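One structure is given here, and the rest of the page talks about it.
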Amino acid sequence: MPRRYISDWTTFNQLVFASAVYVFFTNLLPGITFASDLYVFTGQNWGTIEVVLSIGLSGVIFALFSIQPLTILGVTGPFSVLAENIYSLCIHSFKIPFLPFMAWSLIHAGWMHYILAIVNAHDWTMRYVTNFSGEIFSLLNSIIYFHKAVQELQRAHDALDFASFLYAVIGAIGTFILALFLASAEGWKPLFHRYIRMGLMEYAAAISIIVFIGIPYCGELAMLNKDTLQISTSFRPSSPDRNVFFVKFWELPIEWIFAAIIPGAIITVLFFFDHEISSIICTIDRYGTKKPGGFALDIAILGTTTALCGILGIPPSNGLLPQAPLHSESLLHDENESVQVIGADGQERTERRVVRRVYEQRWSAFLQAGGILIFISPPFQHVLGLTPTSVLAGLFMFMGEQSLSVNPILYRTFYILTPPSELPELPKTVSSYWPIHAYTLTQITMTVVIFIVTLTVAGPAFPVIIIALVPIRLLLMKKIWNRETLRFVDAWACRDGTPEDDEDRKLVEKNLQRERHTDEESGPGQGQSSGVEMAEINAEKSQSEGGHPTSVG
């Protein structure tokens, strides 16, 4: 273990630094965009400096002490929606102060995380999670990103004159299109040198953001009104009622301390599911990770940072989608690998092949979090204050597109719109695309329903609905879709020891028992059918573990 930790600090190169810069922008700017939302919908209790402090502090702690540093922590869209609903309940329904109640909610969430870590909840919960719920959760994140972009432009419309608002729309769309255009630079060959194309691709979001932050301050555009981020002019909380980053949580009435267990449990469910899926997706097979994950310890660390954020009076951070898998994507490189193969002559020999693998290190996560933490100082806060909210809207569009572009639901939606003659050939075990289309439409419908719930007074309960998707998949959907179709479209998040493996084992044991019973009654020469059935089961299982090209897992 110590050697693995030391090796995490011995790898550093240009690609690692570029990854840190990329994640810095794709974590900081969406975070402060959520901050502009939270500033409005939490009565100025949480603003830019609170979000920046949370992302930087939690990110540095996680980069230093977690087992799997590829996971990126930040303030998420789902939690922002949850916090806004809790604030509304505190102020308008319960008539109690928001920050002490939220502090207790996060403290309760902290010790609940410890319990999940102690009982190693990952092993007996995530084994039941398939890509069905993971893809829905990822799609929900994409929709929230697009929705936040619209909300930013809506607020700009309310705050600006028509000419300024028109430029805000142009700035948002321009930020999005330029980032999207530069992200495709790798395919511009033979234009520019390869290193220039790589640089444009790796720093696409950063370049686009810097360009469209600067343009409104040039020439006659500088005369336009701008809706910019609300910032603190000193190292102090956003709320004028607070002087220090500390909440007197013990002053909350005892009955509300116990009542805070309910939102604490909801936050725990959201963070556990979100963080686990984030950790799994950023270490899937395509990234070639060699070092094992440490789900139990990482959840304990997440519980610590969550409770700490509650005491400091800042929003908590947890594993991000899509930033975590995008972090892994940005660290992919080619490696030469020696493998032992047996030739046609039966002799073993060594072959070298090129494989794609991520740099497994802590520098990129540490540098991006440390860079974000710097922005809590007043001079850097001033720099953030120059950022038009239209740029943040554009970045939200870009992040939504990036998240959506790697979601298998998108590709299967394209299959619905594709003529049958043009569709890829299905394996022999799946007879038709119609069950696959129905499965995809079910996922889209459920995502839309959950998103609508987040916009209602029932919004705080939406993480529970996401978790409910797991038993729906295991108990209900397998009665509607046959097993072969589900194996094709819905891989397991954790492959080892899935419930279907248990079913296969029980079926084999049952057949072996039946074979022995038949042998005892009929004598030798009988009971070979179970061997055939077992071979069919193993063949089916082997095919399913081969996965599907559009599977996240």
Side-chain angles (χ1 to χ4, degrees), residues 34-35 37-51 53-54 57-58 75-76 78-118 230 232 235-274 299-318 453-465 467:
F34 288 132
D37 254 6
L38 290 169
Y39 186 78
V40 174
F41 294 113
T42 64
Q44 303 181 7
N45 282 291
W46 286 344
T48 301
I49 193 168
E50 283 84 6
V51 171
L53 179 58
S54 171
L57 181 63
S58 301
V75 177
T76 63
F79 176 78
S80 297
V81 172
L82 181 62
E84 291 160 13
N85 281 279
I86 291 175
Y87 173 81
S88 179
L89 289 172
C90 286
I91 301 303
H92 301 119
S93 300
F94 304 153
K95 308 298 182 183
I96 58 174
F98 167 68
L99 285 180
F101 185 77
M102 179 56 77
W104 275 110
S105 299
L106 297 179
I107 291 169
H108 290 315
W111 63 258
M112 289 178 189
H113 277 74
Y114 291 150
I115 291 176
L116 292 175
I118 290 169
Q230 298 291 331
S232 299
F235 183 65
R236 54 163 294 163
S238 299
S239 173
D241 300 329
R242 299 175 66 201
N243 294 318
V244 294
F245 288 100
F246 187 77
V247 177
K248 297 179 180 178
F249 53 90
W250 58 86
E251 294 181 352
L252 192 70
I254 188 70
E255 64 271 18
W256 291 110
I257 291 175
F258 284 101
I261 292 176
I262 297 173
I266 293 174
I267 291 168
T268 302
V269 168
L270 174 63
F271 278 23
F272 179 76
F273 186 82
D274 199 349
I299 288 298
I301 294 173
L302 183 63
T304 303
T305 58
T306 299
L308 178 62
C309 287
I311 294 170
L312 295 176
I314 60 179
S317 296
N318 70 297
V453 168
T454 66
L455 304 178
T456 68
V457 292
F462 81 90
V464 179
I465 302 175
I467 296 301

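Small disclaimer: the values here were computed from a predicted structure and weren't measured. By convention here, the first residue in the shown sequence is residue 1.
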Could you tabulate the donor-acceptor pairs under 3.5 Å formed by side-chain atoms of residues 300-312, not counting sequence neighbours?
unit_1: Thr304; atom_1: OG1; unit_2: Tyr114; atom_2: OH; d: 2.7
unit_1: Thr304; atom_1: OG1; unit_2: Ala300; atom_2: O; d: 3.1
unit_1: Thr305; atom_1: OG1; unit_2: Ile301; atom_2: O; d: 3.4
unit_1: Thr305; atom_1: OG1; unit_2: Leu302; atom_2: O; d: 2.9
unit_1: Thr306; atom_1: OG1; unit_2: Leu302; atom_2: O; d: 2.7

_Check whether Ser54 reaches the backbone of Pro315 with its side chain - one donor and one acceptor, N or O, closer than 3.5 Å._
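Confirmed, Ser54 side chain pairs with Pro315 backbone.
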Roughly how far, to the nearest 0.5 Å, is the [atom2] atom of [Y] from the [atom1] atom of [X]?
X	Y	atom1	atom2	value
Ser105	Leu99	OG	CG	11.0 Å
Asn45	Arg242	CG	CZ	7.0 Å
Met102	Leu106	CE	CG	5.5 Å
Glu50	Gln44	CD	CD	10.5 Å
Phe273	Ile467	CZ	CD1	5.0 Å

Can you name the residues that form a ring pair (Phe, Tyr, Trp, His ring centres under 6.0 Å) with [X], not counting sequence neighbours?
X	result
Phe272	none
Tyr87	Phe98
Phe245	Phe235
Phe101	none

Report the residues that fulfil side chain to side chain donor-acceptor pair (under 3.5 Å) with [X], sequence neighbours left out, ordered by chain and then residue number.
X	answer
Asn318	Asp274
Ser239	none
His113	none

*What's the verdict on side-chain contact (heavy atoms from CB on, under 4.5 Å) for Ser238 and Thr48, showing C-alpha distance, side-chain angles and the deciding distance?*
CA-CA 8 Å; Ser238 299; Thr48 301; 5.8 Å; no
*asked:* Under the rule for side-chain contact (heavy atoms from CB on, under 4.5 Å), what residues qualify as partners of Ile465, not counting sequence neighbours?
replied: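 Scan of Ile465 (side-chain contact (heavy atoms from CB on, under 4.5 Å), adjacent residues dropped) gives Ile450, Val453.
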Can you give each donor-acceptor pair under 3.5 Å made by side-chain atoms of residues 246-267, sequence neighbours left out, with the distance rounded to 0.1 Å?
none

Side-chain polar contacts of residues 89-96 - donor-acceptor pairs under 3.5 angstrom, sequence neighbours left out - could you list them?
unit_1: His92; atom_1: ND1; unit_2: Ser88; atom_2: O; d: 3.3
unit_1: His92; atom_1: ND1; unit_2: Ser88; atom_2: OG; d: 3.4
unit_1: Lys95; atom_1: NZ; unit_2: His92; atom_2: O; d: 3.3

*Compare all side-chain heavy atoms of Pro316 with those of Phe271 and state whether any distance is below 4.5 angstrom.*
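Sidechains of Phe271 and Pro316: in contact.
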